[in-house]
Amino acid sequence: MKKSFLLLLALAASSVANAKIVLPQLFQSGMVLQRGKAIPVWGKADPQEQVTVRWQKKQYTTAADEQGRWRIDLPKTKAGGPYVLEVSGKDGEVQEFTDVLVGDVWLCSGQSNIDVTIERVYPQYVDEIDHFDNNKVRLFRVQNETNAHGVQDDIRPTNINWKPLTKQNAWLFSALGSFLGKRMQEKTKVPQGIIVNSWGGTPIEAWLPADSLAKDHPQLLQKTRLYDNKEYVAAQARANNLADRRWNELLDQQDPGITGHFTALDCDDSSWKTIDQNNWGWRGTGTIWLRQHIQIDKAHAGQPARLLLGTLFDADITYVNGQQVGRTYYQYPPRRYDIPEGLLREGDNVITIRFINKYGTAHFIPKKPYMLCFGADRQSQNPMPKDVIALSYQWLQHVGADMPSCPSGDVSLQNMPTTLYNAVLYPLAPYALSGIVWYQGESNTGNPAAYGDYLRKLMGGWRALWQDPALPFCIVQLANHDGRQQTGMPRPIVYEANPVNSNWARLREEQRLATIGDEHAETACLIDLGETVDIHPLRKKEAAERVALCLDRVAYGEWPALSPQPVGYTVKGTAVTVIFDQPMQDGSVAEVEVAGADKRFVNVEATVEGAYLKFLSPIEKPVFVRYAWKDSPRASIYNKKGLPAFPFEYKIGD
């Protein structure tokens, strides 16, 4: 018994002796620390242990508290580097962080439009991305994680941990974040750190602290508590995985084309039904096969090519002459499949698509490129390659496996209130920041009226967490997009000429209004950078430039011209003038509507002269004016710098 007790004492002593000082995952060699502000360095150690930080030839010491927590705030430092940061404890072991830069640090957060990677947008900016090589821009990606129980101390380890901006490092990193870092470094000439912390499809509620919801929205917290049971969540995840695996097994067993027969060049498809992709949709669950024969001339035979299949709903496996060339597991990524040298032959060739559909209607997304691209420029889509063969809209169709719906009881904790704030936002503070970029809202368009309140709570809650009431924010406004396109149903692209009550427009307005009166926040307008048929527009460099202009104002104190918005009005009889905050491009404009107190809007013909929008109201007592109030409007008002005016609803009477 005595020997066992002594052994336990020895192990305990060894554990204490080997205890290491632990810093958060944000602290890595290559990191960027914020210039011009106190630099918090913090972590865990044994209770009462002395911790020493060496920085810029000086030494700073503190002791961990009773919970083992410690923090040292280094003094303000000018931009520069590389430097070395050292942290040591009582055992004398030193943790050394090398290649540390001091500059500006930006946190980019939200949902999938922050997530969209350089790989996705590469065809838009081939030459620029090929030449990414800037060691003064460092990239950090927060790994996705949820916590329904409460806040946690740290994030998970990540593969992109303060990597320099190169094509390889940025390939699976945020495109907007990459272009933002590059632009800000080129402007300021100081190092830039980009922290990306986002999760596709998540609502704003998941990013809010519990105390901001407790008073006004207690029912939302109750929703999260329903899943405050790790065992239940894990069991549900296992059940979902098993159901999905079994569904796919049965799918493959019942699909007559899975043996390769339907993909072969010599498959007899003479009895297959002909469809036109522009008006085709398959409402079944399971698989459906489409084939298209394409003639290749001698000049292109054997050449490597890129097959562009636009965007498809939902999943696909694509073959050329019986060989698989690509696979995509969900609807959003563009289908860009590389065909190896020697696969295409002179004469008849066949492209085969196996659609896998678990819900909604299988269909092609219109207004996307469907073609074979050849030549050295085949990777580019801006401009499009010079040597292309367009695909036909006609396909041959054959049903594969007709399946029941795949069972799903997915908990999706990332969509529950506070779960992302707890797991991946709270642990980042108090890492010193220059500002925050928030690009989110698509998942809240079902209830846009509440969004403004949530957004103010988010900005207030995050500023409180960083203990910085002046922490700059740029809110990225939703781009133009037909919100009906994401429902899993094929939609004709029809322009709405008459006034409509758009949830997308209402949410954009909540975003615009949330920053009015907040001298440390601005909204970036993207109303002409979107795509009607794609919720993930590809012009991320242009979006980053507009974000940067907002940050120039709120973080650097400059006054660049931003998107115009209304600040006043006059009404004289039926003559209405809306006064903007800056001069604009003169001329006739569209998308202007007026309504009385009943909010029954009608279109009006309007013109812009300087800072004034003018029109004659067909309504005797006009009360409201709207501009660009649609899911996917046609922007027609621009300032002198070429920036579009914000969509808005403005009250001009009682």
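Values below: every heavy atom of this structure, side chains too, minus hydrogens, waters and symmetry copies.
Salt-bridge formation is not detected for the pair Glu509/Arg506: no Lys NZ or Arg NE/NH1/NH2 atom is positioned less than 4.0 Å from an Asp or Glu carboxylate oxygen. Salt bridge present: Lys182 and Glu128 bring a charged side-chain N and a carboxylate O closer than 4.0 Å. Under 4.0 Å is where a charged nitrogen must lie from a carboxylate oxygen, and between Lys630 and Glu593 at least one such pair does. Between Glu649 and Lys599, at least one side-chain nitrogen of the basic residue sits less than 4.0 Å from a carboxylate oxygen of the acidic one, meeting the salt-bridge criterion. Using a 4.0 Å cut-off between charged side-chain N and carboxylate O, Arg141 and Asp115 make a salt bridge. Using a cutoff of 4.0 Å between basic side-chain nitrogens and carboxylate oxygens, Lys367 and Asp482 are not scored as salt-bridged.
The number of heavy atoms from other shown groups lying within 6.0 Å of CZ (Arg600) does not exceed 12. Environment of NZ in Lys386: sparse, with no more than 12 heavy atoms of neighbouring residues, nucleotides or ligands closer than 6.0 Å. Applying the 6.0 Å contact sphere to CD of Gln295 captures more than 12 heavy atoms from other residues, nucleotides or ligands. Atom CG of Asn241 has more than 12 neighbouring heavy atoms from other residues, nucleotides or ligands inside a 6.0 Å radius. With a 6.0 Å radius and a threshold of 12 heavy atoms from other residues, nucleotides or ligands, Gln253 has its CD atom above the threshold.
Take Glu531 and apply the side-chain hydrogen bond (donor to acceptor under 3.5 Å, both in side chains) test, not counting sequence neighbours, and it matches Lys368. Ile258 is linked by a side chain to side chain contact (heavy atoms under 4.5 Å, CB included) to Asp252, Asp255, Arg354, counting only residues two or more places apart in sequence or in another chain.
Taking the six-membered ring for Trp, Tyr125 and Phe179 have ring centres closer than 6.0 Å. A centroid separation of 6.0 Å or more is found between the aromatic rings of Trp282 and His363.
Residue Phe355 comes nearest to Leu312 through the heavy atom pair CE2-CB, 3.9 Å, listed as atom of the first residue, atom of the second, then distance. Here the closest heavy-atom approach between residue Asn444 and residue Glu205 is recorded as ND2-OE1, 3.0 Å. Of all heavy-atom pairs between Arg120 and Pro334, the closest is CD-CD, 2.9 Å.
A tilted orientation is assigned to the rings of Tyr627 and Phe648, their planes being inclined by 30° to 60°. Between His300 and Phe374, the ring-plane angle classifies as tilted under the 30° and 60° cut-offs.
The side chain to side chain contact (heavy atoms under 4.5 Å, CB included) with Tyr319 is formed by just one residue from the set Thr352, Leu265, Ile351, Val325; it is Thr352.
Between Phe262 and Thr287 there is no side-chain heavy-atom pair separated by less than 4.5 Å. Residues Leu396 and Lys273 are not in side-chain contact: their nearest non-hydrogen atoms beyond the backbone lie 4.5 Å or more apart. A heavy-atom distance below 4.5 Å is found between the side chains of Ile288 and Gln397. Counting heavy atoms from C-beta on, the side chains of Arg508 and Ile527 come closer than 4.5 Å. Looking only at side-chain heavy atoms (C-beta outward), Met384 and Met371 come within less than 4.5 Å of each other. Counting heavy atoms from C-beta outward, Arg225 and His149 have side chains that stay 4.5 Å or more apart. Looking at heavy atoms from C-beta onward, Tyr330 lies in side-chain contact with Asp314 at the 4.5 angstrom threshold. Residues Trp199 and Thr146 form a side-chain contact, since some pair of their non-hydrogen atoms from C-beta on lies under 4.5 Å apart.
Relative to the six-membered ring of Trp272, Arg291 meets both conditions, a distance below 6.0 Å and an angle of at most 45° to the axis.
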